[in-house]
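First the structure, in the form of structure tokens, and then the observations on it.
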There are 2 protein chains.
Amino acid sequence: MTNRPMVALEGGGTLVDTAYSSLRRDIISGERPAGERLRIEKLKTLYGIGPTPLREALQKLAQDGLVVTEGNRGFTVAPLDPAEFEDLNQARIAIEKAALTLSIARGGDAWEARVVAATYLMDKEDTALPQATDGVPDSWERANTEFHTALVSACGSAWLLRVRIGLHDLCERYRRASVYQRLGSRDLSSEHSAIATAALARDVDRVCALTEAHFALTALALRDATDLGEERIRAER
Amino acid sequence: MTNRPMVALEGGGTLVDTAYSSLRRDIISGERPAGERLRIEKLKTLYGIGPTPLREALQKLAQDGLVVTEGNRGFTVAPLDPAEFEDLNQARIAIEKAALTLSIARGGDAWEARVVAATYLMDKEDTALPQATDGVPDSWERANTEFHTALVSACGSAWLLRVRIGLHDLCERYRRASVYQRLGSRDLSSEHSAIATAALARDVDRVCALTEAHFALTALALRDATDLGEERIRAER
DNA sequence: AAATTTAAAAGTGTCGAGATAATGAAATTA
DNA sequence: TAATTTCATTATCTCGACACTTTTAAATTT
């Protein structure tokens, strides 16, 4: 009845949180390209946030691996290194398989239902994808995220899922940076439904194998697109 | 030949780094117990570091999961929740198994040699452990860390190893908080050598099973020690 | 005793100044 | 001329003080 905090309309609670999520979003999306120097003064005007919350947010991002901070040379957006992407992708696949294994072993009716629902929506987006004019639509991205999230949702470990998200976002930046995303040449609908079918059949090995191939294909396509933003940002003054 | 940066002798580079590692060490060791309020003013005098680097370090630790920061209520050491430990342990075991699988598949002569060396030292410590008077000696801890690290060292993904370390440190805090560590009642020497033998024989399934049991036993012992520092720190003024 | 109001405490964010380190340019030396 | 050293500029880092907000505790009222 009294004056409540009015709810955070947008940006959550503290300025550190808003700075963190804004920067995170912009770095992953590529709006803040790899190698860019993140000078506090510039960010201050860009995001309308003071230096203290900005520094704290940058330190958090450094912990995530999205920002690097070397000695007394300020902050920069983490570089995009093909070798690191291989590394990252291996870790991601390993964790995805572990989560899938646990989830399939433990998932109950609710899990099955969620998987079925996600697969249904995914299939709709997959079949509509070839008609898409400009790039991959946002709705497809959301369906894809939910599809894979649903599969691992019953793994039973919030920490495993948290780690999974972290690596996913790191990979996401690489994916976004890749100019040539020829998803069109793949039969995503088949790939996804095969995974879902195997999951509901509790065929762990098959799900893992299919998922690994699924991820590896994306990685391969990205690898072939030789440069992923080789426009090194050097002069910045 | 010219004047190199002289190397960071101790304390690393910035004060943020020293604050981060100091706090991290103290939180994991239990010197800063779970639930303790981390007031900047107090930490300032404790560590002799100003408020700015302290806040940044605390934000990094919050990202690690060792510190929680809720709304505008400052920082506190993350609570020790038995349920979270289960969760954490599951994630840790899953990642350890994934890393082991990759490492065993890829390890070469150098890896085998490292495993053999680590096993040799581990065995020495394991047999000497029962004679230890006060708790687990530091040398045993080091040998144990190197033993398990050696096994996964050839997994090929620095990120997987990084994640592994993070979860390990989180679990470490739970382990340290447990009063009753009855390692004495276990035949660690046998457990370790069995793992090493299976690893060198490239028997992935066996290594994973043994390692899982190995970890699960520690978790079980910790779980039985009902309270892991239930002395809730409440009044703090 | 319960609830509201009031006051104190703690946390967050801004600003500006000073210390330290890194970068780049000029000057010296080989 | 090339390489090294010296110097000046710049930027980052750190501190402390102050304003503002939220939380927490106490006091008052009902």
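Every chain is numbered from 1 and lettered A, B, ... according to where its sequence line falls, protein lines coming before strand lines.
In this view, B/R164 and B/E96 satisfy the salt bridge (Lys or Arg N to Asp or Glu O under 4.0 Å) rule, not counting sequence neighbours. Scanning for salt bridge (Lys or Arg N to Asp or Glu O under 4.0 Å) contacts around A/D87 gives an empty result, with sequence neighbours left out. B/A99 meets the side chain to side chain contact (heavy atoms under 4.5 Å, CB included) test with B/V152, B/C155, B/L160; sequence neighbours excluded. In this structure A/E84 satisfies the side chain to side chain contact (heavy atoms under 4.5 Å, CB included) test together with A/D81, A/Y174, B/W159, sequence neighbours excluded.
Residue B/G74 is the one, among B/G74 and A/G71, whose nearest nucleotide of DNA chain C lies closer to the 5' end (criterion: closest heavy atom).
OP1 or OP2 of C/dT23 lies within a sub-4.0 Å distance of a side-chain N or O belonging to A/R73. Contact between the side-chain N/O atoms of B/R37 and the OP1/OP2 oxygens of C/dG11 is found at a separation under 4.0 Å.
If you measure from atom CD1 of A/I40 to atom P of C/dG16, you get 16 Å, rounded to the nearest angstrom. The CG atom of A/L38 sits 14 Å away from the C1' atom of D/dA11 (whole-angstrom rounding). Distance A/E41 CD to D/dT10 P: 14 Å, rounded to the nearest Å.
If you look at B/F215 and B/H168, their ring centroids are not closer than 6.0 Å.
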For nucleotides 17-21 of chain C, give me every protein contact, N/O to N/O, under 3.5 Å, one pair per line with atom names.
none

Report, one pair per line, the protein and nucleotides 13-15 of chain C atoms (nitrogen or oxygen only) whose separation is under 3.5 Å.
| from | atom 1 | to | atom 2 | distance (Å) |
| --- | --- | --- | --- | --- |
| C/dG13 | OP1 | A/L15 | N | 2.3 |
| C/dT14 | OP1 | A/G50 | N | 3.2 |
| C/dT14 | OP2 | A/G50 | N | 3.0 |

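With hydrogens and angles disregarded, a donor-acceptor distance shorter than 3.5 Å links the side chain of B/W111 to the backbone of B/L151. Side chain of A/S103 to backbone of A/L100: no donor-acceptor contact under 3.5 angstrom is found.
Between the CZ atom of A/R142 and the CG atom of A/N144 there is a distance of 12.0 Å, given to the nearest 0.5 Å.
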